[in-house]
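Excluded from the calculations below are hydrogen atoms, water molecules and symmetry mates; all remaining heavy atoms, backbone and side chain alike, are included.
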Amino acid sequence: QVQLVESGGGLVQAGGSLRLSCAASGSIFSINVMGWYRQAPGKSRELVATITSGGRTNYGDSAKGRFTVSRDNAKNTVYLHMNSLKPEDTAVYYCNADVIGAGRGRSYDYWGQGTQVTVSS
């Protein structure tokens, strides 16, 4: 089994910054893609940013130019650095990982429990 534990959410004023972290633990051989999605009240979950084990990144339109995703493969941890935050960034942020377990079979998709980010105007 694999667990994803997020941290770093909270309340911040518009224009401020936050850093989210997500650490994966458990029966892990390797992790292909790690990333972040978010879901605001009444809206669908949307892509924020993903990063491959090789460092290739992909950003959702709302994150481009303001957010930076990074990862530490040795620690199975992904980070999201968020700058110039706006009230519309308010959402629950979920960590996601595509994990190959210790048995080295197919990969499985795992989600964290979510961390609340609230940006006040």
Side-chain angles (χ1 to χ4, degrees):
Q1 191 60 279
V2 173
Q3 298 81 38
L4 301 181
V5 178
E6 300 125 332
S7 60
L11 174 65
V12 64
Q13 288 189 333
S17 300
L18 278 177
R19 189 185 82 156
L20 306 182
S21 300
C22 172
S25 63
S27 181
I28 298 171
F29 172 69
S30 66
I31 303 177
N32 296 322
V33 182
M34 299 187 80
W36 296 92
Y37 293 74
R38 70 186 187 185
Q39 187 166 17
K43 295 188 177 181
S44 301
R45 191 171 295 190
E46 65 174 1
L47 167 71
V48 178
T50 61
I51 183 168
T52 69
S53 57
R56 187 171 69 249
T57 58
N58 181 45
Y59 291 93
D61 289 341
S62 62
K64 291 177 181 177
R66 298 187 299 126
F67 296 179
T68 302
V69 63
S70 61
R71 67 188 276 180
D72 184 332
N73 290 330
K75 296 181 179 180
N76 289 330
T77 299
V78 63
Y79 306 96
L80 183 68
H81 299 256
M82 303 185 291
N83 297 317
S84 302
L85 283 161
K86 306 173 182 179
E88 50 264 45
D89 293 317
T90 295
V92 178
Y93 285 70
Y94 295 92
C95 176
N96 174 262
D98 183 43
V99 178
I100 297 176
R104 306 188 187 187
R106 54 156 288 188
S107 65
Y108 289 88
D109 210 36
Y110 291 91
W111 292 89
Q113 79 285 356
T115 185
Q116 177 70 46
V117 171
T118 303
V119 184
S120 63
S121 58

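Closest heavy-atom contact between Phe29 and Gly101: CB-O, 3.1 Å. Across Met34 and Ala24, no two heavy atoms sit closer than the pair CE-CB, 4.4 Å. Nearest heavy-atom pair across Ala40 and Thr90 is CB-O, 3.7 Å. Heavy-atom minimum distance, Val78 versus Cys95: CG1-SG, 3.9 Å. In plain terms, the two heavy atoms of Cys22 and Leu4 that are nearest each other are SG-CB, 3.9 Å.
Neither side chain, Ser53 nor Asn73, offers a donor N or O lying under 3.5 Å from an acceptor on the other.
The shortest distance between side-chain heavy atoms of Val69 and Thr50 does not fall below 4.5 Å. Side chains of Val5 and Ser25 form no contact here, defined as non-hydrogen atoms less than 4.5 Å apart. A heavy-atom distance below 4.5 Å is found between the side chains of Arg38 and Ser62.
Transitive grouping of hydrophobic side chains (ILVMFWY, heavy atoms separated by less than 4.5 Å) keeps Ile51 and Val33 in distinct clusters. Under the 4.5 Å side-chain contact rule for hydrophobic residues, Val12 and Leu80 share a cluster. Criterion: ILVMFWY side-chain heavy atoms under 4.5 Å apart, direct or through other members. Under it, Val92 and Leu18 are not part of a common hydrophobic cluster.
Side chain of Gln116 to main chain of Gly9: no donor-acceptor pair is present (N/O by atom type, distance under 3.5 Å, no hydrogens or angles). Looking at Ser27, its side chain never comes within 3.5 Å of a backbone N or O of Gln1 through a donor-acceptor pair. In this structure a side-chain-to-backbone donor-acceptor pair under 3.5 Å is present from Glu6 to Gly114.
The CG atom of Leu85 sits 11.5 Å away from the CD atom of Gln13 when rounded to the nearest 0.5 Å. Put simply, CD1 on Ile31 and OG1 on Thr77 are 8.0 Å apart, with the number rounded to the nearest 0.5 Å. Within the model, atoms NZ of Lys86 and OG of Ser121 stand 14.0 Å from one another, a figure rounded to the nearest 0.5 Å. Here Ser44 contributes atom OG and Gln39 contributes atom CD; the two are 7.0 Å apart, rounded to the nearest 0.5 Å.
Pairs passing the ring pair (Phe, Tyr, Trp, His ring centres under 6.0 Å) check and including a residue from residues 40-88, sequence neighbours excluded, do not occur. Sorted by first and then second residue, the ring pair (Phe, Tyr, Trp, His ring centres under 6.0 Å) pairs involving residues 98-121 (not counting sequence neighbours) are Tyr37-Trp111.
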*What's the verdict on side-chain hydrogen bond (donor to acceptor under 3.5 Å, both in side chains) for Arg56 and Asn58, showing C-alpha distance, side-chain angles and the deciding distance?*
CA-CA 7 Å; Arg56 187 171 69 249; Asn58 181 45; over 6 Å; no

*Determine, stepwise, if the pair Met82 / Val117 fulfils side chain to side chain contact (heavy atoms under 4.5 Å, CB included).*
CA-CA 10 Å; Met82 303 185 291; Val117 171; 4.0 Å; yes

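Under the ring-ring contact (aromatic ring centres under 6.0 Å, His included) criterion, Tyr94 pairs with no residue at all, not counting sequence neighbours.
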